[in-house]
Amino acid sequence: MKQSYRAGVKLASLLASVSVLGAGMLVAQPAAWAEDAKPAAETAKAKDGAADFFTKPQSVTSTGSVTVHGAHIDYQAVSGTLIVHPKGWDDAVLPDEDKDKKTPAAASIFYVAYFKKGVRPENRPITFIYNGGPGSSTVWLHMGAFGPKKVVTADDAHTPAAPYAIVNNNDSLLDVSDLVFIDAPGTGYGRLTGTDKEKTFFGTDADARAFTDFIAQFLSRYGRYNSPKYLFGESYGTTRSAIVANQLADDKGIDLNGVILLSQILNYDNDIDAAQMNPSVDQPYVLALPSYAATAWYHKRIPNQPNDLKGFLQEVEHFALTDYTAALQDGNSITPEKRDAIAQKLHDYTGLPVDYIKKADLRVNGGEFEKTLLGDKGVDTGRLDSRFSGPTMDQLSQYPFYDPQSSAMSSAYIAAFNDYARNTLHYGNSSVVGDGYQEYKFFSDAITKWDFSHAQPNTDFPIHGAVNVLPDLASAMKHNTSLKVMLNQGYYDLGTPYFEGIYEMRHLPISHDLSKNIQIVQYESGHMVYAHQDSLAQLHDNVAKFITGTYSPLAGK
């Protein structure tokens with residue numbers, strides 16, 4: 001999931017109190033000192049054990065089975081960590097050769113891999129799956145989309161509190177591919193260690209390098225270099241995928257068969273969340289309008305409600321690229337008559353009051369829309385999935401203080417994975433770490449420390465501005481002209497509006513012929529398309545077809 005730039009992030013401070021023994025006490029009570037020394041030694045040993053645990057690869061193997069569309073699949077699950085290092089790391093340099101004596105930064109990256117039993121790797125695709133953030137674990141795609149087990153949540157309302165149902169996932173992708181769910185550095189059961197650890201891994205390019213190195217290392221450790229290979233990223237994970245796809249080819253000599261994107265954002269100048277902070281760039285308002293219209297249609301706020309959603313959205317898309325774009329380009333030179341006409345048309349498509357649209361200068365950002373659409377009812381609409389809604393925290397505020405969609409289902413995912421990881425995967429209770437409890441970190445505070453600068457392909461320096469990885473995906477497609485790309489989007493996504501993804505794909509700097517390698521699909525769902533059961537079934541079928549259609553099994557295997 002893509003965390004909002006407008007949202008305030010609350011940071012908790014951890015205070016440690018230290019008690020110090022006086023020197024006189026050491027002399028007067030040697031027996032007491034001996035007793036105190038024993039637990040101190042045990043503490044030091046425990047710290048050494050934890051340091052080894054987080055700086056060396058770990059793995060726990062279990063077995064299971066899943067039924068997907070009537071087919072029974074037995075699999076082996078490996079839960080563990082791999083260690084990745086910062087750019088320029090040399091595996092020939094021993095720790096005691098480090099001149100500055102500082103502990104080098106490293107990331108212990110947690111993953112869960114599922115391997116179908118009884119198949120040869122040459123004919124078995126492998127798909128690397130991750131969410132976004134930045135700073136999100138991959139519990140959402142793991143327990144909601146493609147893992148062998150999934151948590152049951154309500155369709156467009158708050159899921160009641162525990163107990164939650166964890167069931168066989170009839171739409172797991174294990175029917176067509178082995179799966180590797182990867183948690184971002186600093187999340188899951190992985191940890192960052194060493195000097196400047198957060199600075200080393202919390203950044204657009206640093207994060208992509210970590211994933212690139214992880215994937216190359218995984219392929220080697222598990223003998224999967226000759227398997228068909230795919231990336232599946234959601235939200236910021238699509239940003240990551242564009243860079244990783246290019247780095248795998250450019251730096252590691254690894255060609256992919258396909259890149260699968262869910263809820264795309266590749267150019268952050270198109271972000272609707274805080275578009276008002278970038279005056280003279282009106283594109284975000286244009287690209288978000290169809291999603292506003294879809295949301296208003298779902299909540300029946302359209303003055304003359306049409307029956308056909310897709311036909312209605314085609315009309316809105318055309319208006320957005322023509323009359324609406326022209327009006328915004330006029331800026332403050334727009335005539336009163338034109339301003340009135342456009343405001344009325346925006347009302348017809350979004351249900352927002354005409355006066356409100358005029359006060360917004362025809363430019364309503366994401367938070368303002370979420371706050372205003374159902375504001376007369378004291379209700380905010382969801383951001384990541386605008387089918388959801390919830391009571392507003394403050395009826396006088398300009399933006400919502402929370403996302404009703406996230407509040408509706410996060411607890412279910414968190415509870416389900418904690419139960420599943422410890423009781424089924426048997427990971428998360430290592431006696432080496434502290435008292436045997438390991439926290440699964442669903443989010444890190446990465447976004448508050450993130451370095452968004454990015455060095456595009458064939459450049460010598462990073463750009464310190466809005467991230468744009470369209471050149472990276474284009475470079476990957478030019479390196480490997482058989483690379484196929486699939487974009488999946490929900491109509492009700494206000495975090496990464498679907499028309500934004502279409503626009504970006506139309507503006508990839510590639511030839512017309514290469515653009516034929518791109519497939520785009522929409523669903524009547526939100527950012528987490530899989531949160532809607534019918535859309536999950538469609539997503540499975542579309543992705544499965546994409547994977548099976550983009551590689552050729554070796555004959556006789």
Side-chain angles (χ1 to χ4, degrees), residues 1 62 64-73 75 77 79 112 114 129-132 136-176 179 181 183 188 232 234-235 262-263 298 381-390 402-428 440 442-443 488 490-493 495 523-544:
M1 294 193 293
S62 57
S65 62
V66 62
T67 301
V68 181
H69 294 197
H72 180 87
I73 301 165
Y75 61 81
S79 308
V112 181
Y114 297 97
I129 301 173
Y130 36 82
N131 280 97
S136 174
S137 70
T138 302
V139 64
W140 321 103
L141 284 166
H142 195 161
M143 297 302 294
F146 298 134
K149 302 292 183 182
K150 72 181 295 290
V151 62
V152 178
T153 58
D155 183 34
D156 64 354
H158 197 288
T159 299
Y164 304 104
I166 304 171
V167 301
N168 174 86
N169 186 5
N170 188 56
D171 296 300
S172 171
L173 274 179
L174 270 169
D175 58 337
V176 296
L179 309 173
F181 295 91
D183 287 337
F232 189 111
E234 177 183 336
S235 194
L262 176 62
S263 304
Y298 184 84
T381 58
R383 172 179 174 270
L384 292 179
D385 192 330
S386 59
R387 296 176 304 136
F388 289 76
S389 61
Y402 74 110
D403 181 359
Q405 186 264 7
S406 294
S407 296
M409 61 178 58
S410 292
S411 180
Y413 278 80
I414 291 169
F417 188 81
N418 270 293
D419 182 86
Y420 175 68
R422 290 176 171 82
N423 297 326
T424 302
L425 299 177
H426 308 297
Y427 201 98
Y440 186 88
F442 296 89
F443 288 102
N488 301 275
Y491 287 127
Y492 306 116
D493 179 4
Y523 305 85
E524 292 190 32
S525 187
H527 191 80
M528 298 164 63
V529 164
Y530 43 90
H532 180 234
Q533 182 55 49
D534 289 346
S535 295
L536 171 59
Q538 296 168 26
L539 180 66
H540 166 273
D541 292 349
N542 290 333
V543 173

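In this chain, residues are counted from 1 in sequence order.
- Under the rule for a side-chain hydrogen bond (donor to acceptor under 3.5 Å, both in side chains), the partners of Tyr420 that lie at least two apart in sequence or sit in another chain are Tyr114.
- For the pair Phe146 and Leu539, the minimum side-chain heavy-atom distance is below 4.5 Å.
- Considering OG of Ser235 and CG of Asp493, their distance stands at 7.5 Å, rounded to 0.5 Å.
- Inter-residue side-chain proximity for Ser410 and Trp140 is flagged as met; some heavy-atom pair is nearer than 4.5 Å.
- Between atom CZ of residue Phe181 and atom OG of residue Ser137 there is a gap of 12.0 Å, rounded to the nearest 0.5 Å.
- In this structure, Asp403 CG and His527 NE2 are separated by 10.0 Å, a value rounded to the nearest 0.5 Å.
- Contact record, Ser535 with Ser525: OG-CB, 3.5 Å, taken as the closest heavy-atom pair.
- Nearest heavy atoms, Ser389 versus Pro404: C-CB, 3.6 Å.
- Between Ser172 and Leu179, the shortest heavy-atom distance links the atoms OG-CD1, 4.1 Å.
- Residues passing the side-chain contact (heavy atoms from CB on, under 4.5 Å) test with Asp155 are Arg387, His532, sequence neighbours excluded.
- Annotation: side chain of Gln405 is in contact with side chain of Met528 (closest heavy-atom distance under 4.5 Å).
- In terms of the side-chain hydrogen bond (donor to acceptor under 3.5 Å, both in side chains) criterion, Asn170 has no residue partners (sequence neighbours excluded).
- The ring-ring contact (aromatic ring centres under 6.0 Å, His included) test applied to Tyr491 returns Tyr498, not counting sequence neighbours.
- A search for ring-ring contact (aromatic ring centres under 6.0 Å, His included) contacts involving Tyr427 returns Phe110, Tyr189, not counting sequence neighbours.
- The CG atom of Asp175 sits 5.5 Å away from the CD1 atom of Ile73 when rounded to the nearest 0.5 Å.
- Within the structure, salt bridge (Lys or Arg N to Asp or Glu O under 4.0 Å) contacts touching residues 159-169 (residues at least two apart or in different chains) do not occur.
- In this structure Ser386 satisfies the side-chain hydrogen bond (donor to acceptor under 3.5 Å, both in side chains) test together with Thr295, sequence neighbours excluded.
- Looking at heavy atoms from C-beta onward, Ser62 lies out of side-chain contact with Thr424 at the 4.5 angstrom threshold.
- Here CZ of Phe417 is found 7.0 Å from CZ of Phe442. Values are rounded to the nearest 0.5 Å.
- Here the side chain of Ser79 pairs no donor or acceptor atom with the backbone of Val112 at under 3.5 angstrom.
- Summarising the geometry of Tyr75 relative to Pro148, their closest heavy-atom pair is OH-CG, 3.4 Å, with the distance given to 0.1 Å.
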Using atom types as modelled, flag every donor-acceptor pair under 3.5 Å from a side chain in residues 158-169 to any protein atom, sequence neighbours excluded.
| residue | atom | partner | partner atom | Å |
| --- | --- | --- | --- | --- |
| His158 | NE2 | Ser407 | O | 3.0 |
| Thr159 | OG1 | Ala154 | N | 2.9 |
| Tyr164 | OH | Ala162 | N | 3.4 |
| Tyr164 | OH | Ser411 | OG | 3.0 |
| Asn168 | OD1 | Thr67 | N | 2.9 |
| Asn168 | ND2 | Thr67 | O | 2.9 |
| Asn169 | OD1 | Asp171 | N | 3.0 |
| Asn169 | ND2 | Ala145 | O | 2.8 |
| Asn169 | ND2 | Gly147 | O | 2.8 |

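- Considering all non-hydrogen atoms of both residues, Leu141 and Ile129 come closest at CD1-CG2, 3.6 Å.
- Residues Ala408 and Ala157 approach most closely at CB-O, 3.7 Å, considering heavy atoms.
- Atom OG1 of Thr153 and atom CE of Met143 lie 11.0 Å apart (nearest 0.5 Å).
- No donor-acceptor pair closer than 3.5 Å links the side chain of Ser136 to the backbone N or O of Phe443.
- Side-chain atoms of Asp156 and Tyr492 form no donor-acceptor pair, as typed in the model, at a separation below 3.5 Å.
- Residues passing the ring-ring contact (aromatic ring centres under 6.0 Å, His included) test with His69 are His540, sequence neighbours excluded.
- When the side-chain hydrogen bond (donor to acceptor under 3.5 Å, both in side chains) test is applied to Tyr130, the partners found at least two apart in sequence or on another chain are Ser241.
- A salt bridge (Lys or Arg N to Asp or Glu O under 4.0 Å) check over residues 405-424, counting only residues at least two apart or in different chains, returns nothing.
- When only modelled atom types and interatomic distance are considered, Asn488 and Tyr523 share a side-chain donor-acceptor pair under 3.5 Å.
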